[in-house]
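Below is one structure, written out as structure tokens, with a few remarks after it.
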Amino acid sequence: MAAESDSGSSGPRGPALAAWRPVASAGSADTDQAGRILLLMEGRGNRQQLANLLSARYRVVQVEDGHLPAEGFDLAIADGPALLRWQDALYEAKHAQQPVFLPVMLVLPRADLRSRAGRLRSIVDEFVVSPIDRAELLERLEMLLRARHQALAQRDQFVRIVNYDRATRLPNRNLFHEQVRTAIEAAKAKGESVHVVAVHTPFTRVLETFGQRGLDHAAAACAERFCHLAGDDVGLARLGTEHWGAMLFDDASPMDRVLPLCTRLSKVERHPIEVAGEPIRPQVRIGVASYPDDGSDAETVISAANIAATQANEGEPAFFSPSWREAVLDHLRTEAALHDALEQGQFELWLQPKLRLADNRVAGAEALIRWRLPSGELVPPGQFIPVAESSGLIRRITPWILATACRTVAGLRADGARDFVLAVNVTPADVSASDFAARLQALCAEHDLPPQAIELELTETMLCETGADTIGRLRALREVGFGIAIDDFGTGYSSLGYLHQLPVDTLKIDKQFIDGVPGEAGSDTVTRAIIHLAREFALETVAEGIENEDQLAYLRAAGVVLGQGYYIARPMPANDFAQWLAEWK
Ligand code: C2E
Ligand code: MG
Ligand code: MG
């Protein structure tokens, strides 16, 4: 039974390690049977008499080989001489059980009452005078045992709260850590391994949509399935909102049992769970880490398994690799530093020109963010944009980019570049913000810019994964006049049918194809196909990453409308760009 505790015996241990299944709601075995009475009587006759009297109702236990009984006891009855002999051991036993009450009752002749009872008060909780009145003794015993029973029940409840997840009744993070710690200790002594499996079920959406009750319901249903799938020799735990832990409950758990366990746990996905009448399919990511290979203590091994789970593909467990820990640390550090960057204005917006290939006129530019560290070092966007995207910080960075972009293009237009278009890279997360369009329009109005001055670039991969909602928002933006371009086109998997539905004006042919022209058959075919496709759909084309004259000539001849790349100009700070533009003219 779960939450079993060592109520009677030698000292305070952690919660019992047999606690692997959901904890039952009823009281523990200990509290149900708080009725083991230890008889410590030097007078043999008395001992026998009392034993006979008590054994009808209670379990009478005795001293074993000069020690208090290993199984423990719930109340001790001693006579004067026995108490003197056992007082240190009793004191220790009472102390070890604190704060749970372990009563000791003293039997003494009336004559000794005054002299003895007072001195032993620190150990003795109650006394009866001999010759013993049976009814009185039983009454007093009952009262003492009731007090102990209550203390045990409270302790059990406390143990449950501290060690078990309320919604699923599985061991929680605390207890699982304790269990893994114990398993590692045992494995250490024998030179064996311990494998920990972390399972992630993305439940944040459930919480957002259905609230805490919905989440609890989903977690309980999931836990039930996990228990069923895992089998009896597996310890399961709920480590957090969407994190679970599993460990083979066995001294030696060879790796060849871990993989089948992962396979079994991943079957939780097979059938949807119903939350508030809606079917939810719990998709899992599973990571595995081991002692001693991936960490020497429970904390490290569990965190390694969790890191592995974040790297896993659906349906396929990932085994921890140390480089992932580095990557996670890097990610955390970058995220923290990005907050500073925003607050301290460490971002710069650089511009890279786009040339109209037919007549070499500058049609506009792409705005590319740069992060200048206090040391002066420049961080390229590839190193921090993914972190900003996954942490949601991009939603604070993009407004700054848009404001800076609008101010910049307004300045360039005022200086004579009348039809200049500035392209800004955005993500679907930006566009899906409900006030995105309103803010962009307000910025344009503030700088007296037509929407045509701004183009939004979204990568093909991102667009393919975007919901109908965001596509609708993009369509509305396009309808009011903002340009929409698909960046890195050719690398995603947009089908022709899908492309047709997207609200776009421009395809930016990905650099990897530009790299291969002229000369490489595959790149040549793809590039020409994209140009043809764009013509059919009446879209503009941009070739990005042009690095030499041959590429430029080839793309110009092939009919690409705009070109961008180091061969024309590298990205540069906005001030340098104004000067570059004046010289180009
Ligand atoms: P992208 O939008 O495809 O930008 C083109 C990237 O190619 C830029 O790298 C640019 O500097 C680089 N590039 C341009 N011409 C050449 C060339 O001839 N040769 C080579 N080797 N590279 C060339 P960058 O600035 O490092 O940006 C990388 C990516 O970061 C961008 O790819 C874009 O996806 C993202 N990014 C940049 N700025 C922003 C931004 O302000 N917001 C968001 N959300 N993403 C941005
Ligand atoms: Mg771009
Ligand atoms: Mg690109």
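FYI, side chains are in, hydrogens and waters are out, and symmetry mates aren't considered; it's all heavy atoms of this structure. Please read all numbers here as calculations on a predicted model, not as lab measurements.
Distance check, rounded to the nearest 0.5 Å: NE2 of H67 to CD of E64 gives 9.5 Å. Expressed to the nearest 0.5 Å, how far CD1 of I37 lies from CD1 of I77 amounts to 5.0 Å. With values rounded to the nearest 0.5 angstrom, E136 atom CD is found 4.0 Å from R140 atom CZ. Rounding to the nearest 0.5 Å places CE of M105 at 10.0 Å from CZ of F127. Between the CZ atom of F203 and the OG1 atom of T241 there is a distance of 10.0 Å, given to the nearest 0.5 Å. Taking OG1 from T201 and CZ from R225, the interatomic distance works out to 12.0 Å, rounded to the nearest 0.5 Å.
Remark: the backbone N or O of A309 is not paired with any side-chain donor or acceptor of R285 at under 3.5 angstrom. Distance alone, capped at 3.5 Å, is enough to place a donor-acceptor pair between the R47 side chain and the M41 backbone. Between the D297 side chain and the T300 main chain, a donor and an acceptor come within less than 3.5 Å of each other. Using a distance-only test at 3.5 Å, with no hydrogens or angles considered, a donor-acceptor pair links the side chain of D430 to the main chain of T427. For the pair T209 (side chain) and R205 (backbone), a donor-acceptor distance under 3.5 Å is present. Under a 3.5 Å cut-off, the side chain of S55 and the backbone N or O of A51 do form a donor-acceptor pair. Looking only at distances, no side-chain donor or acceptor of N46 sits under 3.5 Å from a matching main-chain atom of Q49. Listed for the D469 side chain is no donor-acceptor partner under 3.5 Å among the backbone atoms of S432. Judged by distance alone, the side chain of S290 and the main-chain N or O of D293 form no donor-acceptor pair under 3.5 Å. The closest donor-acceptor contact from the side chain of T263 to the backbone of L259 lies under 3.5 Å.
In this model, a donor atom of one side chain and an acceptor atom of the other lie less than 3.5 Å apart for Q97 and R148. Between T204 and E242, the side chains place a donor N or O and an acceptor N or O closer than 3.5 Å (distance only, hydrogens not considered). For the residue pair T168/D165, the side-chain donor-acceptor check at 3.5 Å is satisfied. Looking only at atom types and distance, the side chain of S323 has a donor-acceptor partner in the side chain of S321 under 3.5 Å away. For N174 and E178, the side-chain atoms include no donor-acceptor pair closer than 3.5 Å. When only modelled atom types and interatomic distance are considered, D74 and H149 share no side-chain donor-acceptor pair under 3.5 Å.
The aromatic rings of W371 and F384 sit perpendicular, their planes meeting at an angle over 60°, well past the 30° parallel limit. Classification of the H95-Y91 ring pair by plane angle, with boundaries at 30° and 60°, yields parallel.
A salt bridge is absent between E185 and R181: the closest approach of a Lys/Arg side-chain nitrogen to an acidic carboxylate oxygen does not fall below 4.0 angstrom. Ion pairing of E71 with R59 is present here, as a side-chain N (NZ or NE/NH1/NH2) and a carboxylate O approach within less than 4.0 Å. Residues D294 and R325 are not paired through a salt bridge, judged by the lack of any N-O separation under 4.0 Å between the basic side chain and the carboxylate.
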Step-by-step side-chain hydrogen bond (donor to acceptor under 3.5 Å, both in side chains) determination, N306 to S303 = CA-CA 5 Å; N306 275 310; S303 100; over 6 Å; no
List the steps and the verdict of salt bridge (Lys or Arg N to Asp or Glu O under 4.0 Å) for R264 and E269.
-> CA-CA 10 Å; R264 293 203 303 279; E269 298 183 345; over 6 Å; no
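A 6.0 Å sphere centred on CD of E139 holds no more than 12 heavy atoms belonging to other residues, nucleotides or ligands.
Under the 4.5 Å side-chain criterion, counting only non-hydrogen atoms from C-beta, L68 is in contact with W86. Put simply, the side chain of L75 does not reach to within 4.5 Å of the side chain of L38, judged on heavy atoms.
In terms of heavy-atom proximity, V301 sits nearest to G295 at CG2-O, 3.5 Å.
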